[in-house]
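Below, all heavy atoms of this structure are taken into account, side chains as well, without hydrogens, waters or symmetry copies. Whatever order the structure lists them in is the order used to number ligands and atoms, beginning at 1.
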Amino acid sequence: MSSAGVPRHSHRHAPVDLCIVGGAGHVGLPLGLAFAAKGLSVVLYDLNEDVFDRLQQGRMPFVEYGADAILPHVLDRTLFLSSDPGDVTAARIVLIAIGTPVDEYLNPKLRGLLELIETLRPHLRASQTLVIRSTVYPRTCRQVKAALERDGQHWQVAYCPERIAQGHAIKELRELPQLVSALSDEALATATTLFSAIAPRVIPVSVEEAELAKLFSNAWRYIQFAAANQFYMMATEFGVDFNRVRAAMVEGYGRAATLPTAGFAAGPCLLKDTLQLAAFNNNNFTLGHAAMMVNEGLPGFIVEGLRRRYDLAQTRVGILGMAFKADIDDTRDSLSYKLGKILRFHGAQVGYSDEFATDPTFVSKEQLVQSSDVVIVGVPHAAYRTLAIPATVDVVDVWGVVRPGASL
Ligand SMILES: NC(=O)c1ccc[n+]([C@@H]2O[C@H](COP(=O)([O-])OP(=O)(O)OC[C@H]3O[C@@H](n4cnc5c(N)ncnc54)[C@H](O)[C@@H]3O)[C@@H](O)[C@H]2O)c1
């Protein structure tokens, strides 16, 4: 907003097919691009005007492969930016894609979405269809509808959870079937037509099935990563290279082929959604909590291994990769930061590098290698596969991506 409280971005309340609330975010923005590229008129509504300033110049605010090519073709033609809530009113369909985090005590922040509905309420009309895209705590969609219907009118509410892998949304939105559910036939028909515009097919389910399908999917991935990470810890303690064990397991043996590589299972979704499910099930989610202990314990395991071999107070440790996963720039809930914190606690001098995320304290990967006694791979950015690391530098590479021993 300007100092006078005037929104910096507005579509001047012109009618559009779709308004995405949270449209500057990692889910809302690529989704808006996908719909706008198919010719729907889309307003991205968000409070983050700095991101919109950047978008208005034709620049993506974060790494999302394929998005830079679409943005200039749709901006100000079928895609519009707005921080003016009046633009929410002017849309036929309002899609909600705001964050749904857990709090500092790992409990779901249930009120966030309901509070958003209260805030938006003066700008919503019962003739609109509300499509919830954020990942929600089970039963939230019915609560949203109940909250809206306190005015005695019938509201159209659908739930169509996002399932993309961040960074690959543009490709996956074209390829993935969309789970579509709603609390009325009319809302189901609207949501089905909407997502049929971008997806190869839609899968109709009940709202409760969709809520669980989304949370189970993320918890399942999180548990799979935990299995690989626990095997990694066992093999390492046993003096065996887990990546060689895994390669032997999966080669020509389909039943083991889904075993992921070991590595930090981080980011804003997997742990958070596992914990939403645990809270939903009265904290009775043994596998989910066990997965959290393993995945969140990996940085500490790495540091303990180093403490047996080094006096960390006399050791320079470099962390290669600060993003939460490979080849993107998002550092939200990255375990590389936790790793750095534990190393610093033990007195190590810690350096940081990333190929995508920017920070004035980061150095280049080459500088990091040159100025470290030990290098730990935090995330397997593709650029690290060809990084030459001299034999004098000790490498901890849970992922098995770098080639230690190569001369610079
Ligand atoms: N990031 C992913 O890969 C991914 C994948 C699948 C599902 N999800 C789910 O999608 C949801 C959004 O995640 P995200 O990663 O895009 O979050 P994000 O933080 O990147 O984006 C959320 C956006 O909402 C905006 N916002 C917050 N409050 C607002 C308000 N009151 N009015 C207008 N805008 C507001 C923020 O400014 C931000 O731009 C979450 O529920 C998440 O669990 C995320």
### Amino acids in close contact with ligand 1, where any non-hydrogen atom sits under 4.0 angstrom away
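Lining ligand 1 at under 4.0 Å, by heavy atoms, one finds Val21, Gly22, Ala24, Gly25, His26, Val27, Tyr45, Asp46, Leu47, Asn48, Ala97, Ile98, Gly99, Thr100, Leu116, Ser134, Thr135, Glu162, Ile164, Gln166, Lys214, Cys269, Lys272, Arg332.
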### Query
Tell me, which pairs form a side chain to side chain donor-acceptor pair (under 3.5 Å) where one or both residues lie in residues 204-213, sequence neighbours left out?
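Listed by first then second residue: Arg142-Glu208, Ser206-Glu209.
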### Message
Any donor-acceptor pair under 3.5 Å linking the side-chain atoms of Thr315 with those of Asp373?
### Response
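Result is no, nothing qualifies.
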### Query
With sequence neighbours left out, what residues match Ala147 under side-chain contact (heavy atoms from CB on, under 4.5 Å)?
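Ala147: side-chain contact (heavy atoms from CB on, under 4.5 Å) contacts with Glu118, Arg150.
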### Query
Is the backbone N or O of Gly167 less than 3.5 Å from a side-chain atom of Glu64, with the two atoms forming a donor-acceptor pair by type?
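Present.
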Identify each donor-acceptor pair in which a side-chain atom of residues 342-349 lies under 3.5 Å from a protein atom, sequence neighbours left out, and give them as a table.
| residue | atom | partner | partner atom | Å |
| --- | --- | --- | --- | --- |
| Arg344 | NH1 | Tyr352 | OH | 2.5 |
| His346 | ND1 | Arg307 | NH1 | 3.2 |

### Query
Going through the distances and angles, do Asp394 and Tyr310 end up as a side chain to side chain donor-acceptor pair (under 3.5 Å)?
CA-CA 11 Å; Asp394 194 358; Tyr310 296 93; 2.5 Å; yes
